[in-house]
J.: 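Below is one structure. I have some questions about it.
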Amino acid sequence: MKTAIYTVISKNAEEYARLCVPTIVEYAKKIGSDFYVLNEQSASENYPTNHFLIYDSFRHFEKSDYDRMMFVDADVIINPITPNIFEEF
């Protein structure tokens with residue numbers, strides 16, 4: 001099963017992301033999932049807020065050959081012993 005994990009880092013979450021995203025990266029490596037970060041540089045100028053980047057993550061997934069995807073907020077710390085969510089659900 002091919003999987004992807006997405007997160008969005010907005011300007012107001014950069015401090016949290018600096019601390020939290022490394023745990024998401026390690027989790028993605030551990031479970032063999034690809035990891036994507038979307039940020040303000042990848043946002044369309046037509047977007048009223050960066051929250052629309054979440055939509056972009058779903059659009060990317062739909063066009064890909066991934067079987068499953070997960071969106072994780074940039075302010076989430078993933079415990080190293082967390083099981084593979086794609087195998088659990």
Side-chain angles (χ1 to χ4, degrees):
M1 172 174 31
K2 191 170 179 184
T3 60
I5 298 173
Y6 297 84
T7 194
V8 170
I9 301 175
S10 61
K11 204 135 193 91
N12 61 348
E14 288 177 343
E15 183 68 22
Y16 293 115
R18 184 179 59 76
L19 300 170
C20 300
V21 168
T23 69
I24 304 169
V25 170
E26 287 304 311
Y27 178 72
K29 287 179 187 175
K30 174 183 149 183
I31 67 170
S33 188
D34 293 333
F35 179 65
Y36 295 95
V37 173
L38 292 96
N39 56 34
E40 292 173 347
Q41 286 82 16
S42 57
S44 167
E45 61 185 39
N46 297 325
Y47 291 167
T49 72
N50 288 331
H51 289 93
F52 282 80
L53 287 168
I54 296 170
Y55 171 75
D56 283 350
S57 68
F58 288 107
R59 191 167 52 202
H60 179 270
F61 170 71
E62 284 182 327
K63 293 179 181 180
S64 74
D65 63 343
Y66 291 108
D67 300 304
R68 298 180 77 188
M69 65 91 71
M70 175 173 60
F71 183 85
V72 179
D73 283 343
D75 61 351
V76 170
I77 294 175
I78 298 181
N79 188 317
I81 64 169
T82 300
N84 184 337
I85 189 116
F86 297 113
E87 293 176 354
E88 296 291 321
F89 297 96

J.: Tell me, which pairs form a side-chain hydrogen bond (donor to acceptor under 3.5 Å, both in side chains) where one or both residues lie in residues 12-24, sequence neighbours left out?
T.: S10-N12, E15-R18
J.: Considering non-hydrogen atoms only, spot the tightest contact between M69 and F58 and give its length.
T.: SD-CE2, 3.6 Å
J.: Residues in side-chain hydrogen bond (donor to acceptor under 3.5 Å, both in side chains) with S33, at least two apart?
T.: T3
J.: Among residues at least two apart in sequence or on other chains, which ones pass ring-ring contact (aromatic ring centres under 6.0 Å, His included) with F86?
T.: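 Result, ring-ring contact (aromatic ring centres under 6.0 Å, His included) vs F86: none returned.
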J.: Could you pull out the closest heavy-atom pair between P22 and A17, with the gap in Å?
T.: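 The pair with the smallest heavy-atom distance is CD-O, 3.7 Å.
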J.: What are the two closest non-hydrogen atoms of D73 and T7, and how far apart are they?
T.: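 Nearest heavy atoms, D73 then T7: C-OG1, 3.5 Å.
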J.: Considering only heavy atoms from C-beta outward, does the side chain of F35 approach that of V72 to under 4.5 Å?
T.: no
J.: Restricting to pairs with a member in residues 20-36, which pass salt bridge (charged side-chain N to carboxylate O under 4.0 Å, His left out), not counting sequence neighbours?
T.: E26-K29
J.: Is there a side-chain contact between I77 and C20 in this structure, where contact means two heavy atoms from C-beta onward sitting under 4.5 Å apart?
T.: yes
J.: Return each pair, listed once, that meets side-chain hydrogen bond (donor to acceptor under 3.5 Å, both in side chains) where at least one residue sits in residues 74-89; pairs must be two or more places apart or across chains.
T.: none
J.: Quick one: ring-ring contact (aromatic ring centres under 6.0 Å, His included) partners of Y36, sequence neighbours excluded?
T.: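 Residues passing ring-ring contact (aromatic ring centres under 6.0 Å, His included) with Y36: Y6, H60.
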J.: Identify the heavy atoms of Y27 and I5 that sit nearest to each other, and give their distance.
T.: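 Taking Y27 first and I5 second, the nearest heavy atoms are CD2-CD1, 3.8 Å.
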J.: Determine, using the 4.5 Å side-chain heavy-atom cutoff (strictly less than), whether L19 and V21 are members of one ILVMFWY cluster.
T.: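 Looking at the clustering, V21 is in a separate group from L19.
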